[in-house]
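Have a look at the structure below before the remarks.
Values in this document were obtained by computation on a predicted structure and should not be read as measured data. Labels below follow one simple rule: chain letters A, B, ... track the order of the sequence lines, proteins then strands, and each chain is numbered from 1.
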Number of protein chains: 2
Amino acid sequence: MKRRSTASKEEILEVLAASGNALSHEMIQDRVSSAMDRATIYRVLNRFCEDGKVHKVVGDNGKQYFAMCANCDEKKQLHSHNHIHFRCLQCGTVECLKQALSVPLPEGYVAKVHNLVISGFCKACS
Amino acid sequence: MKRRSTASKEEILEVLAASGNALSHEMIQDRVSSAMDRATIYRVLNRFCEDGKVHKVVGDNGKQYFAMCANCDEKKQLHSHNHIHFRCLQCGTVECLKQALSVPLPEGYVAKVHNLVISGFCKACS
DNA sequence: ATTTTATTGCGACAAAGTTGCAATATTACA
DNA sequence: TGTAATATTGCAACTTTGTCGCAATAAAAT
Ligand SMILES: [Mn+2]
Ligand SMILES: [Mn+2]
Ligand SMILES: [Zn+2]
Ligand SMILES: [Zn+2]
């Protein structure tokens, strides 16, 4: 499963990097120059996630958002995204907050994925 | 918009109370004795949320889960559910953990809804 | 240049949730 | 108790989100 470099891949990555936020499939489709199929976008994004370049958050609206990994260990196995995300109910932006959050779970519980989202009004909209 | 007491309402509430966990629409439908329409279940649950009897969590699988409000102020306006939820990747249960979590947001941000989910393996499954 | 196979586009599909509308059941009230 | 007002339900239709199979395309290796 070697990865190949394609126009779609690079453009999506540029869009994510330029934005700095977590973007939904739709947001990405809007910001991409060339028309790109929905399935393709999802496949590219999921591949990025596998490769540890990108991480995914599911909003309290049920939608998936994808953001570039910032401080992640390059080791794809254990990049823990235990930081908070903020989704603005007004403008729709989803930001990765700096806040890393370590939650002590009860005995016997094993954490695999953190999906922490607070929604409200962002700095610009409040 | 006065509420009326119906069989569906009470049965759903019983199921939620008996479970103690956060249940998806499907889980509720399975545990209810009488056949009940999907739309009806959602409508009942959403009404419960409006009334402050129940709160909703969206899992990292994009699905909605509903749980009885435990320590909520009866004042429907401001019941803050800033506690963590744990979803087991094995058995599928979603629990409300006791952990109340107050996150200091950056200046200018206003929090409205907390949707905090950690998924992994629960006590029984790990 | 040719082969190999990762990637794409398209269509079909499934699942989750919502909504409109007519039928039904609950509550209020005469 | 009987009737009117309206909240609730069931059903079907629909939207949205995301996935998958398959044939066509394009990147990399030879
Ligand atoms: Mn993030
Ligand atoms: Mn809860
Ligand atoms: Zn905003
Ligand atoms: Zn479990």
Distance check needed: [N] [atom2] versus [X] [atom1], whole Å only.
| X | N | atom1 | atom2 | result |
| --- | --- | --- | --- | --- |
| A:L45 | C:dT7 | CG | P | 14 Å |
| B:I41 | C:dA15 | CD1 | P | 16 Å |
| A:M36 | C:dC10 | CE | P | 12 Å |
| A:I12 | C:dT7 | CD1 | C1' | 12 Å |
| B:N61 | D:dT17 | CG | P | 17 Å |
| B:Q29 | D:dC11 | CD | C1' | 13 Å |
| A:K9 | C:dG9 | NZ | C1' | 18 Å |

Requested in this report: Take A:T6 and A:V44 through the test side-chain contact (heavy atoms from CB on, under 4.5 Å) and record every step on the way to the result.
Outcome: CA-CA 10 Å; A:T6 71; A:V44 168; 5.7 Å; no
Requested in this report: Check whether any side-chain heavy atom of A:S119 lies under 4.5 Å from a side-chain heavy atom of B:N115, and answer yes or no.
Outcome: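 Side-chain contact under 4.5 Å: no.
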Query - Centroid-centroid distance, A:F86 to B:Y109, less than 6.0 Å - result: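 Here the rings of B:Y109 and A:F86 have centres that are less than 6.0 Å from each other.
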**Report entry** A:E95/A:K123 salt bridge by N-O under 4.0 Å criterion
**Finding:**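 Looking at A:E95 together with A:K123, the answer is no, because their closest N to O distance does not fall below 4.0 Å.
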**Report entry** Flag for A:N21-A:T93: side-chain donor and acceptor within less than 3.5 Å
**Finding:**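 Distance-only check fails for A:T93 and A:N21.
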Report summary line: For nucleotides 17-30 of chain C, 5' to 3', base contacts (B), sugar-phosphate-only contacts (S) and non-contacts (-) with protein non-hydrogen atoms under 4.0 Å give BBBB----BBS---
Query raised in the report: How many angstroms lie between atom CG of A:L13 and atom NZ of A:K53, to the nearest 0.5 angstrom?
Result: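 Output value for this atom pair is 7.0 Å.
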Query raised in the report: Under 4.0 angstrom, heavy atoms only, what part of the nucleic acid is B:S24 near: base, sugar-phosphate, or nothing?
Result: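 No contact.
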